[in-house]
Amino acid sequence: MKHLHTALWGVLPYLTLVVLVAGTAWRYHYDRFGFTTRSSQLHESRLLRVGGPLFHYGLLFVIAGHIAGLLVPEWLTDRLHVSERLYHANALLAGGTAGLATLAGLALLLYRRLRTPAIRAATSRSDRVVYPALVTVVLAGLTATVSGATAASTYDYRLGVSVWFRSLFTLAPDVTAMAEAPLVYRLHALLAMALFALWPFTRLIHAFTAPLGYVVRPYVVYRHRGRGEVGAGRPGG
């Protein structure tokens with residue numbers, strides 16, 4: 001059992017990172033124009049306008065919550081005079097809301113894909129793998145959030161899962177910290193690693209092409225044709 005724990009929590013995270021990085025580099029080299037979501041907006045836009053923002057913005061807040069929960073040590077929140085009760089209440093409220101928004105958006109997108117014949121016909125094999133993976137990862141995360149924030153819970157993930165996660169960056173993984181975590185946390189971590197390993201080979205790759213630089217681009221000054229009026233706007237706006 002000790003060897004299994006070492007393989008899962010001491011070796012597998014690094015293998016996942018290698019697959020993610022190498023797979024992304026391979027995809028960029030051989031399929032640069034495939035860095036796309038293969039947009040289906042022309043086939044249906046009403047559900048997409050609701051489901052898309054719900055999923056993407058919810059996921060952004062989920063990621064932010066994971067960063068805060070896994071990377072911020074307990075001693076720092078104690079120094080900031082954030083009580084355990086307040087911390088876990090905030091994790092339940094903010095994390096639960098973000099997780100539910102992500103799940104609701106994903107459910108709408110799946111329903112849209114199934115009910116629209118043209119979109120359903122364009123569903124690839126990788127889509128059939130990545131959508132169930134996303135659903136199970138989100139459900140496991142929500143379950144862990146709720147179970148860890150209840151009054152009956154005696155497990156503090158900041159003294160277990162977070163310690164293991166931070167130890168990965170020192171190349172000295174604390175295998176025991178993760179091996180002793182409740183099953184739902186271990187399942188969530190394994191599913192997340194599987195998702196990251198699949199990432200470069202699915203439509204999820206488009207996350208690396210988000211036009212973040214667009215937000216900070218300088219305005220382009222332009223002149224209206226024939227009227228001599230000067231305006232300003234973002235490039236391509």
Side-chain angles (χ1 to χ4, degrees), residues 5-6 8-14 16-17 20-21 53-106 133-197 199 204 207-208 210 212 215-216:
H5 289 321
T6 300
L8 291 178
W9 314 119
V11 178
L12 188 58
Y14 298 110
T16 302
L17 180 62
L20 176 63
V21 174
L54 261 180
F55 173 71
H56 287 94
Y57 286 114
L59 189 59
L60 285 175
F61 281 102
V62 166
I63 293 172
H66 277 68
I67 292 174
L70 294 175
L71 295 181
V72 177
E74 189 174 27
W75 62 262
L76 181 57
T77 54
D78 289 341
R79 181 170 294 182
L80 295 174
H81 304 292
V82 178
S83 67
E84 284 293 305
R85 182 176 181 180
L86 177 61
Y87 180 89
H88 289 294
N90 179 70
L92 179 61
L93 179 61
T97 302
L100 287 174
T102 304
L103 187 62
L106 185 56
L134 276 169
V135 171
T136 51
V137 167
V138 174
L139 284 175
L142 277 171
T143 304
T145 298
V146 173
S147 63
T150 56
S153 175
T154 58
Y155 179 75
D156 188 349
Y157 70 88
R158 292 196 294 167
L159 300 178
V161 178
S162 297
V163 172
W164 165 76
F165 184 77
R166 292 196 299 272
S167 72
L168 294 175
F169 294 94
T170 65
L171 302 182
D174 190 339
V175 173
T176 304
M178 192 62 187
E180 295 177 350
L183 177 61
V184 66
Y185 289 93
R186 287 178 280 146
L187 182 61
H188 182 51
L190 288 173
L191 289 170
M193 285 190 281
L195 186 64
F196 282 120
W199 199 289
L204 295 176
F208 295 128
L212 300 179
V215 179
V216 295

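Owing to the predicted nature of the structure, the values given are computational and were not obtained by experimental measurement. In what follows, every heavy atom counts, from backbone to side chain, and hydrogens, waters and symmetry copies are set aside.
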How far apart are the closest heavy atoms of [X] and [Y], and which atoms are they?
X      : Y      : value
Asp78  : Val82  : OD1-O, 4.2 Å
Ser147 : Val184 : OG-CG1, 4.1 Å
Thr16  : Ala197 : CG2-N, 4.0 Å
Gly58  : Ala101 : CA-CB, 4.3 Å

(message) With a 3.5 Å distance limit and no angle check, can you tell me whether Thr145 reaches the backbone of Ala91 through a side-chain donor-acceptor pair?
(response)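 It does not hold such a pair.
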(request) Say whether, by atom type as modelled, one donor and one acceptor occur between the side chain of Thr97 and the main chain of Ala94 under 3.5 angstrom. (result)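 Absent.
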Could you pull out all donor-acceptor pairs under 3.5 Å where a side-chain atom in residues 135-144 meets a protein atom, sequence neighbours excluded?
unit_1	atom_1	unit_2	atom_2	d
Thr136	OG1	Pro132	O	3.0
Thr136	OG1	Ala133	O	2.9
Thr143	OG1	Leu139	O	2.8

(message) Just to verify, what does Leu168 make a side chain to side chain contact (heavy atoms under 4.5 Å, CB included) with, not counting sequence neighbours?
(response)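 Residues passing side chain to side chain contact (heavy atoms under 4.5 Å, CB included) with Leu168: Pro13, Tyr14, Trp164, Phe165, Pro173.
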(message) Please enumerate all residues that pass side chain to side chain contact (heavy atoms under 4.5 Å, CB included) together with Leu190, with sequence neighbours excluded.
(response)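 For Leu190, the residues satisfying side chain to side chain contact (heavy atoms under 4.5 Å, CB included) (neighbours in sequence not counted) are Leu8, Trp9, Leu12, Met193.
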Spatial distance of atom [atom1] ([X]) from atom [atom2] ([Y]) [nearest 0.5 Å]:
X      : Y      : atom1 : atom2 : value
Leu191 : Leu134 : CG    : CG    : 11.0 Å
Leu20  : Trp199 : CG    : CH2   : 8.5 Å
Leu103 : Leu54  : CG    : CG    : 10.5 Å
Leu70  : Arg166 : CG    : CZ    : 8.5 Å
Phe169 : Leu71  : CZ    : CG    : 5.5 Å

(message) Just so I know, are the side chains of Leu204 and Leu195 near enough to count as touching, which here means a heavy-atom distance under 4.5 Å?
(response) yes
(message) Any non-hydrogen side-chain atom of Tyr155 less than 4.5 Å from a side-chain atom of Val161?
(response)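 Heavy-atom side-chain distance check passes, below 4.5 Å.
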Show every salt bridge (Lys or Arg N to Asp or Glu O under 4.0 Å) that has at least one partner inside [range], sequence neighbours left out.
range            : result
residues 56-73   : none
residues 167-192 : none
residues 65-77   : Glu74-Arg158

